[in-house]
Structures are given as structure tokens and as C-alpha cells.
Engineer: 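Questions regarding the structure given below will be posed in turn.
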Amino acid sequence: MTRTDYSPTEMMTVAAARALRHDDVCFVGIGAPSAACNLARLTLAPGITLLYESGTIATKPDVLPLSIGDGELCETAIATVPVAEMFNYWLQGGRITVGFLGAAQIDRFCNINTTVIGPYASPKVRLPGSGGAPEIANSCGQIFIMARHGSKVFVPTVDFVTSFGHGDGGDHRSRLGLRTEGPSLVVTDLCLMKPDPETKELAVVSIHEGVTRTDIEEHTGWTIRFADEVDDTPPPTSTELDVLRDLHARTARAHEATL
Amino acid sequence: MTRTDYSPTEMMTVAAARALRHDDVCFVGIGAPSAACNLARLTLAPGITLLYESGTIATKPDVLPLSIGDGELCETAIATVPVAEMFNYWLQGGRITVGFLGAAQIDRFCNINTTVIGPYASPKVRLPGSGGAPEIANSCGQIFIMARHGSKVFVPTVDFVTSFGHGDGGDHRSRLGLRTEGPSLVVTDLCLMKPDPETKELAVVSIHEGVTRTDIEEHTGWTIRFADEVDDTPPPTSTELDVLRDLHARTARAHEATL
Amino acid sequence: MTAFVSLADAIAEHVRDGQTVAMEGFTHLIPFAAGYEVIRQKRRKLTLVRMTPDLIYDQLIGMGCAERLVFSWGGNPGVGSLHRLRDAVEHGWPRPLELTEHSHAAMANAYAAGASGLPFAVLRGYVGSDLVDVNPDIATIRCPFTGERVAAVPALRPDVAIVHAQRADRAGNVLIEGIVGVQKETVLAAHRAIVTVEEIVDDLMAPSHNSVVLPSWTVDAIVEAPGGARPSYAHGYYRRDNAFYKNWDPISRDRDAFRAWMGDNVLGATAATHPAKA
Amino acid sequence: MTAFVSLADAIAEHVRDGQTVAMEGFTHLIPFAAGYEVIRQKRRKLTLVRMTPDLIYDQLIGMGCAERLVFSWGGNPGVGSLHRLRDAVEHGWPRPLELTEHSHAAMANAYAAGASGLPFAVLRGYVGSDLVDVNPDIATIRCPFTGERVAAVPALRPDVAIVHAQRADRAGNVLIEGIVGVQKETVLAAHRAIVTVEEIVDDLMAPSHNSVVLPSWTVDAIVEAPGGARPSYAHGYYRRDNAFYKNWDPISRDRDAFRAWMGDNVLGATAATHPAKA
């Protein structure tokens with residue numbers, strides 16, 4: 001049963017969760033990816049394995065962490081390892097199937113900026129920086145990107161390439177020696193996009209309910225392409241929405257309470 | 001009170017134990033070094049810190065281990081770390097003040113062979129090999145060597161340099177970029193030897209009770225030098241002997257018993 | 001060898017103007033109390049090293065203690081920007097802040113290389129990233145066996161490491177549990193180490209033979225500082241004060257509000273009192 | 001993903017002639033039962049990798065399973081030589097054995113590099129050692145920042161890792177406690193991994209959040225093999241059988257005595273029976 005009483009953010013989270021599989025091993029970032037991964041775990045992909053860069057392996061948080069290293073993550077993990085080990089044995093070791101990245105800016109080839117708006121030496125806005133993203137982008141089997149759709153985010157050229165996507169497109173990744181697939185899916189509050197198999201330029205492959213092609217075009221900073229076949233994203237089911245809202249409600253209660 | 005009812009091996013162990021200090025952090029090998037280090041811990045240097053290459057840190061075994069990784073070492077350690085960490089953070093990190101090495105062959109500059117007698121490709125005797133020795137020799141603050149005195153062990157030229165001592169002598173270590181002191185003491189069942197401060201050639205500095213200069217000369221494969229002042233090694237005290245024999249007796253009982 | 005000292009004495013003795021200081025704790029066990037004391041003792045021209053500059057680095061930077069930041073992610077986790085960090089980088093207030101910017105993987109490996117006595121660390125990283133262009137400390141080396149190119153970064157060897165841990169025994173051995181981050185590597189990489197702990201106990205009660213322990217001879221000063229990681233958390237002792245992190249956002253957006261808060265809660269306090277609320 | 005299988009099936013499925021196989025366990029948790037099964041299944045031309053070839057490698061070599069040994073210390077700990085290893089190297093019996101010889105530090109780092117997906121490892125090591133002359137897998141590289149020279153060795157990436165552990169849960173997660181050696185690195189460095197365990201339990205009962213755990217998806221086959229590490233030991237289960245190690249010396253000195261012992265105790269046994277005494 002589908003519902004109509006949902007927000008664009010909920011649609012985005014649900015759509016990202018659906019892209020995950022039972023046997024995926026995910027390197028999870030805070031915020032939207034964390035909600036999507038845990039929604040997947042609580043719905044269609046109960047066997048999914050979630051790792052956070054704080055070193056928590058196969059964690060099953062009952063509430064969403066505010067930070068990447070909340071105690072909840074450690075308490076529900078099968079093991080917690082040092083951060084250097086997480087990046088070396090687990091990420092760089094090629095044991096992650098899906099990595100999630102967010103973006104302050106993203107271009108048509110999925111190159112991502114989370115470092116700076118404006119010139120690096122005299123920034124207009126100093127963003128938090130890379131964190132684990134450059135190596136997540138290099139080492140995970142594939143990358144899912146989640147971002148709110150807007151023309152300040154989806155830009156013709158990013159001010160700084162924090163994390164390499166498909167570079168100039170085509171076989172740029174393999175030319176640099178990267179053996180991983182790179183960004184394979186972008187989930188926004190308007191649609192789903194995937195890189196063209198050849199050119200690697202993003203194209204819309206599925207549009208969320210109530211969204212028009214014009215909406216997407218107006219919210220993208222370049223002339224966005226549409227795939228030959230564009231699906232209608234199925235709206236969230238009752239189950240998906242209930243589980244997601246329960247998760248957020250538990251999270252809100254937990255974050256208000258401090259010892 | 002000193003005693004006369006002791007063996008040359010007991011003298012060697014006691015003499016090595018006396019060279020250790022309360023604040024030493026020792027990388028301990030199996031056999032004679034393990035007996036000496038634990039004797040030191042149970043007598044004059046109770047604060048000494050003992051590490052074994054199996055990863056056991058600050059261990060206080062009640063009985064001597066037969067292998068480098070007996071359960072006793074782990075049970076009495078303050079922590080046990082992975083073997084890679086032991087070699088990287090602890091040995092290579094420069095946190096060990098004294099490393100012990102044994103030798104199948106040793107030359108006048110304390111270069112050590114534990115690899116092979118005869119040519120490497122067609123060995124007369126294949127020895128166990130290096131283990132941790134090359135890096136122990138490189139990374140510890142100083143190296144103490146324990147070996148039974150004999151002309152097949154103390155040879156003019158080792159067949160294979162497993163672990164670098166002072167090379168060709170003089171400043172050879174620092175010319176190779178080594179910042180550690182290298183071998184600073186050789187303890188045998190006949191005497192104590194130290195490298196000359198300049199040439200780094202071994203010279204006898206102390207002779208055990210009942211041993212003559214001729215004994216040492218006959219048991220050394222080169223013309224051994226004697227320091228200008230040669231001491232008489234004080235024989236083992238009653239306490240030293242009692243503690244050492246108790247340790248060996250406990251060890252023998254423990255090694256006979258298996259679950 | 002370890003000395004058991006007061007927080008004021010530990011900072012006074014070991015932290016000097018112009019030094020490179022790493023305060024670590026990956027979300028968990030962030031050494032806030034020690035950071036406050038560095039602010040109170042008015043250290044200047046520090047090179048501050050930390051993978052994830054948190055509120056305590058926002059405060060150190062806002063109070064003018066730092067001239068350089070070595071880091072990989074500078075935000076208020078789950079909340080947004082570190083506004084004092086941004087103000088220093090974007091507007092030079094209260095003084096300019098130079099940046100040496102890495103990825104998490106590079107920072108973690110650089111600490112591990114420092115702990116290991118190596119001059120550099122290697123990683124498969126930074127491929128295609130512009131960070132290579134803005135940080136001269138990122139080099140490329142070639143595998144002598146396969147010819148592949150990998151990234152190299154210099155080892156981190158801070159003058160002083162400051163971390164917080166659950167407990168120390170009276171011999172000076174320190175136990176860290178839960179999300180252990182890079183604290184062990186940081187302590188072993190540094191020339192000196194200060195550890196604040198929730199409590200000093202007779203028996204360390206390490207839960208496992210393989211627990212994360214800093215032996216006494218690797219630590220220079222141990223300070224009993226209960227609550228010393230608040231508003232971050234100490235697993236087994238108290239939880240993360242998420243509200244503090246959220247409330248910090250409006251305080252830190254405004255220079256005057258920030259200074260007032262620091263005056264009331266840090267400068268006017270002592271090592272024994274600790275800001276409870278933002 | 002993990003399959004729970006018999007020892008015979010695990011070896012039959014995953015270990016093939018000509019492969020590179022690493023059985024690890026640093027004195028503790030040596031996978032003897034699995035090694036015996038490899039002997040029974042008559043694998044040939046194996047490249048055997050192990051830091052400290054122990055009695056089980058002496059037996060594999062003496063039974064003609066190996067054509068190459070990658071190692072750093074090959075002795076009977078606290079007792080003396082591995083006589084079958086020596087006979088193979090010194091006299092080519094039962095067949096010649098090629099050696100790739102490292103130091104412990106290099107082997108441990110080579111496994112860690114393999115686990116980390118790096119092509120090589122760096123260490124300060126081998127300075128002045130003749131091992132550099134006899135092992136072409138030891139190179140020198142220069143630090144791009146300081147110009148210092150350090151050693152480099154290729155990553156170890158065995159075809160198969162075989163280790164023994166205390167227990168696994170029914171989801172296939174494995175706990176290793178005590179002297180943990182290089183087992184985790186070996187499993188993560190290998191293309192496939194077989195783990196024998198003392199018991200399979202409902203709850204892993206890891207003593208600490210930071211316990212050494214191999215998650216299920218890193219292990220291909222789990223075999224319940226109680227006593228599978230004897231005559232080495234399993235911390236918390238049984239002690240090292242030091243007498244076995246001492247008694248092995250005379251047995252292994254003589255080719256006929258060795259073959260007779262192997263016939264009686266290994267070839268004539270099954271995976272379910274395990275040599276109790278040497």
C-alpha cells in the first residue's frame with residue numbers, strides 16, 4: 001500500500017534504502033545515508049552490514065546516531081576497531097560494496113566538493129572538508145550519492161574536487177588506475193540519476209511522484225539529460241514510512257535525553 | 001653471600017640479569033634471555049618491563065615459557081597486541097631499551113648468524129632463520145647477546161649476516177643510518193665482553209670465577225682482545241641462585257603437566 | 001615515566017607556545033577539559049592536529065590559540081559548521097589560520113607511521129582529488145614490485161598528545177574502550193603524552209587480554225578529570241550531550257556570544273569546574 | 001559468505017594443488033587439524049606461507065606437500081630444529097624445498113599490506129642483513145619527504161588462509177582471543193579463508209567491544225574442530241602440550257620414524273580423530 005502523506009526527504013531516504021541489498025556491506029555516512037541504510041536494514045535488507053568510519057563493524061543502531069561515533073553504534077556492533085584499521089583493512093582492503101557520499105557541490109560526472117565554495121586560498125564558504133570521502137570514493141565497490149536537488153548543489157563545475165567521481169567522464173577512472181565502479185546512483189528529493197554507461201554523464205532514470213521534468217531541469221545547474229526510459233519512482237509504502245518515522249521518533253527522543 | 005655450587009650456564013644467566021635495570025624495557029627471546037630477564041625481574045630489577053614478540057606487553061610469567069607465545073605470557077601481561085603492532089609500534093617505534101639476541105655464529109664485531117652454516121644455496125646446516133632478529137638488532141636502544149663460548153660460535157667470519165652488529169666496526173652502524181647503539185654486551189658462560197668504544201671490536205671486560213684467559217682464547221675463533229682493566233665477575237649470590245633455581249623448578253613442573 | 005598531576009600542572013609543564021599539539025578522540029572521549037585548560041593558560045601559535053576538529057578546537061581557534069590546523073574534517077557532527085573555524089579561515093578572526101588538510105585515511109595512517117617510527121605512510125588514496133594540489137604534504141610513490149602509484153604522507157609526530165580515557169591504574173597504565181579512534185597511535189606518535197581519565201583505580205579491569213591499553217611508560221602525565229570528555233562521551237561513564245552540540249551552533253555563530261560564553265564557562269572556571277551546558 | 005562444513009569438505013573445496021596457502025597462529029591456535037587434513041588429502045606443490053613454520057609445517061614438508069616455503073623462523077620453539085624442514089633444504093628429501101625468507105617484521109607487515117589492499121609494505125628493517133642478498137622480494141625505497149631509505153616487501157596475498165579460533169557464532173562471526181598473532185591479517189589478506197573453531201555457539205560472548213572478531217562475510221568456511229589446535233593451545237580451552245613438542249624431536253630426526261608416526265597418527269586417522277601424543 002502506498003501513501004501520499006510523505007515529504008520529499010522521506011521519498012529520497014526511501015528511494016536510497018531500496019537501492020541496497022541484503023548482502024551489501026555499506027560504509028555509512030551521517031545524516032541522510034545513515035537513515036537510508038538503517039531503513040533498508042529494518043525493511044527489505046535485514047542482512048545488510050553497516051560500517052561507520054568510527055570503526056564500528058556490522059552495527060545495528062536502534063536510533064540514528066547524531067555523530068559518526070555515537071556510543072549506540074559501538075554497543076550494537078559485533079566489533080569496534082581502531083580508525084586506522086577501519087580505513088586500511090576494511091575500506092582500502094576492498095571489503096565495502098557500497099559507500100555513501102553527500103555533496104555541497106556535484107557536477108554531471110559526479111565529482112564532489114565538500115571542501116570550499118570559492119577559491120581554496122580565499123574561500124567564500126569554508127566547508128567541513130573531506131573526512132573519509134576521497135578514499136571512500138576510490139575504494140568502495142560503488143558509490144551512492146544523496147543530495148537535495150538544487151542548482152547550487154548540482155553545478156556545471158565544482159569549485160574543488162574533494163572526491164573523484166568520473167572525472168571528465170568515459171574511462172577516466174580506469175585511466176587513473178581505479179578498479180572500482182565509482183558513483184553509480186544519485187538519489188535526490190526529486191529523482192534518481194545514474195551515469196550513462198559510456199559517457200558517465202548523469203541522466204535521470206526515475207522521477208518521484210508529483211515531480212516534473214521541468215522541476216528537475218530548473219533545479220540542475222547544467223542541461224540535465226534524461227534516460228531513454230524514465231521510470232516513475234514508486235511512492236513510499238506504508239511500511240517504509242512507518243518504519244522510517246518510528247526510527248526518527250526514537251532518535252529524537254534519544255537525542256533529547258542525556259545522562 | 002656468594003656460592004660455589006653453580007653451573008657456567010647459571011653464571012651466564014646471572015651475569016646477564018645483573019646488566020638489566022629497573023627502568024629497562026626488554027624485548028625478550030626464548031631460552032637463556034628469558035631466564036635472565038625474569039631473574040632480573042625477580043631480583044634487582046622488579047620494575048623491568050618485558051615484552052615478547054608474540055605481542056605480550058609487560059608480562060610477568062610465573063614460569064618460563066617454552067615457546068615465545070605460551071599462554072602464561074598472555075595471562076600475566078597488561079595487554080597482548082597483534083604481532084604486526086608489536087613490531088611496528090613497539091619495536092620499530094623505538095620503545096625498547098634492550099633487545100636480547102642469541103647466535104649460532106658471532107664475529108668480533110657482533111654480527112650474528114642464525115640462518116645457515118655453509119653456503120645459503122647449499123647449506124651444511126640449515127638453522128631456524130632470522131625471526132625478529134634483524135629488526136631487533138636495528139631498533140632496540142642496545143643489544144645484549146647471550147651465547148655459550150666456543151670457537152664454532154665465536155668465529156672469524158660468520159657464514160651469513162642475519163642480524164647486523166657493528167658491521168666492519170667503527171661507525172659502520174651510523175653510516176648505514178642506524179641511530180641505535182647496537183650490541184653493547186656479550187654474556188657467555190666464560191666471560192663478559194663489550195665492543196671497544198672506537199673500533200667496536202669485542203674485548204673481554206670481566207672473567208667468571210674459575211675461568212682463565214687461556215680458556216677464553218681457546219674458545220674464541222679469533223685472537224680475542226682483553227680490555228685494559230678486566231674485572232672478576234662476582235659469582236652468583238645465594239639469592240640469585242635460589243630464585244633462578246626456583247624459577248627453573250617451577251618451569252619444569254609446569255611443562256610436564258599438560259591439561 | 002608517568003606522573004600523576006593536576007590538569008593545570010600537566011598543561012603548564014608539557015604544552016608550550018608554538019608547539020604541535022594533537023588532541024584526539026574520534027567523537028568519543030574528546031579531551032575537552034584539557035582543551036579548556038590550554039585556553040585558560042593562553043597558549044599561542046599552536047599547530048593543532050586533529051582528524052575531526054570538534055567544538056573544543058572551534059573554541060581554541062576562536063580564542064586565538066592556534067596558527068595552523070592539521071585536519072581532515074572540521075564540522076559540528078550532525079549539526080553543521082564550526083563557525084569559529086570558519087571565521088578564522090574566511091575572515092582571519094581573531095587571527096588567520098593556516099590549514100594543512102588531509103583525508104581521514106591519510107591522517108590515521110600518518111599517526112600510525114609516527115607511532116611506528118617511520119618517516120611516512122602509504123595509502124591508496126587521494127586519486128583524482130584536488131587536495132593533492134593544495135597540500136604539499138601529499139606525494140606519490142611507486143611500488144618497487146608492481147610499479148603501481150600510491151599516495152604517501154609524512155608521519156605525524158606531534159610535540160604533545162592529549163587524550164582522554166576511561167581509567168588508569170595506580171601504576172599508570174591506561175585503558176581505552178569502545179570507539180578507540182586514533183588515540184593509541186597519537187600517544188605513541190607524540191614526543192610527550194598527557195592522558196586525562198575518568199578515574200584512577202587499583203585494578204585496571206581490562207575486559208580482555210586484547211584490550212586497548214597504554215602502558216605506563218608511554219604516558220608522561222595522568223590527570224584524574226571525571227567528566228573530562230563532556231560534552232562528548234565516555235563509554236561506560238556518561239553519554240554524549242547531543243543538546244550541547246546543537247546549542248553550540250547559535251553561540252558560535254556570533255563573535256560576541258562566543259566570547260561571552262567562553263568568559264562565563266571557561267575563562268572564569270578552573271580545571272575543577274567544567275562547562276555543563278551550552 | 002560463510003558456510004559451516006566438515007573439515008574434509010573445507011579442505012577439498014578450497015585447497016588445491018599448486019596454491020599458496022598460509023596457516024597461521026603465532027605459537028597459539030595453530031591449525032593442526034586442518035594441516036593434517038591437507039596431508040591426508042595429499043595436496044602437492046603448495047607454496048606454504050607462515051611466519052613460524054611449526055611442527056605442522058615440518059609434517060607437511062616431510063610428507064611432500066610443499067615446493068616452496070615463505071617464512072621467517074623455522075624451528076621447534078624451545079626445543080631445536082625442524083628436522084623435516086632441514087632434511088628438505090639440506091638433502092632435498094622427499095623433494096627439494098625452495099625458500100623465500102623474511103624477518104618477522106617483514107612478514108607481519110606483508111600480511112597487513114595484503115589485508116589493506118596495498119601492493120607493498122614498508123619497514124625500517126633488514127639494515128645490514130644478508131637476507132637482502134638472498135631474497136629478491138626485499139627492496140629499498142626512499143621517503144619522498146626526508147630522503148631516508150626504508151625497506152619494502154611485497155604484500156602477501158595467499159590463495160587460502162587457514163586459522164584456528166576459539167569460537168564462532170551461528171551467523172559465522174569468529175572470535176580470537178589471547179595471543180592473536182597475525183591471523184586476522186592473514187584471513188583478510190587471503191582470497192579465501194577457512195577457520196576451524198573449538199566450538200560453534202549461539203552467542204559469541206566477545207569480552208570487549210574491541211575484541212578481535214572476523215565478521216562472517218570475511219570467512220568462507222567454518223569448521224567445528226574441538227582440539228583442532230593441539231598440540232599447540234587454545235587460550236581458555238586447553239594448554240600447550242609442551243611434551244608433544246619435545247617428543248617430536250626424536251621422531252622427526254629419522255625419516256622412517258617420521259613416516260611410521262605419520263602413518264599411524266595422521267594418514268590412518270580421519271578429520272574426527274586427532275593425534276593426541278607424539
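Residue numbers start from 1 in every chain, and the chains themselves are labelled A, B, ... in the order their sequence lines are given, proteins ahead of strands.
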Engineer: Can you find a heavy atom in the side chain of C:R124 that is under 4.5 Å from one in the side chain of D:S116?
Structural biologist: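 Side chain of C:R124 against side chain of D:S116, heavy atoms only: no contact under 4.5 Å found.
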
Engineer: Say whether, by atom type as modelled, one donor and one acceptor occur between the side chain of D:N210 and the main chain of C:G178 under 3.5 angstrom.
Structural biologist: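 A pair under 3.5 Å: yes.
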
Engineer: Where on C:V122 is there a heavy atom nearer than 4.5 Å to chain D: the side chain, the backbone, both, or neither?
Structural biologist: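 Both backbone and side chain.
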
Engineer: To the nearest 0.5 Å, tell me how far D:H209 NE2 sits from C:S208 OG.
Structural biologist: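 One finds 12.0 Å between NE2 of D:H209 and OG of C:S208.
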
Engineer: Find the one option among D:A121, D:A113, D:A139, D:A206 whose heavy-atom pairs under 4.5 Å with chain C are most numerous.
Structural biologist: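 Of D:A121, D:A113, D:A139, D:A206, D:A139 has the most heavy-atom pairs under 4.5 Å with chain C.
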
Engineer: According to the side chain to side chain donor-acceptor pair (under 3.5 Å) rule, which pairs have a member within residues 137-147 of chain C, sequence neighbours left out?
Structural biologist: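 Found C:T146-C:E148.
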
Engineer: Please rank C:P144, C:S211, C:P154 by heavy-atom pairs under 4.5 Å with chain D and give me the top one.
Structural biologist: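 Heavy-atom pair counts peak at C:P154.
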
Engineer: Taking the side chain as every heavy atom from C-beta outward, state whether D:F145 and C:P119 have any pair of such atoms under 4.5 Å apart.
Structural biologist: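 No, side chains not in contact.
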
Engineer: At a heavy-atom separation under 4.5 Å, does C:L118 approach chain D through its side chain, its backbone, both, or neither?
Structural biologist: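 Backbone plus side chain of C:L118, per the 4.5 Å heavy-atom cut-off to chain D.
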
Engineer: Heavy-atom pairs under 4.5 Å with chain C - which of D:V153, D:V212, D:V150 has more of them than the others?
Structural biologist: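 Ranked by contacts with chain C, first place is D:V153.
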
Engineer: Could you tell me which residues satisfy salt bridge (charged side-chain N to carboxylate O under 4.0 Å, His left out) with C:R149, sequence neighbours excluded, listed by chain and number?
Structural biologist: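 C:R149 satisfies salt bridge (charged side-chain N to carboxylate O under 4.0 Å, His left out) with no other residue.
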
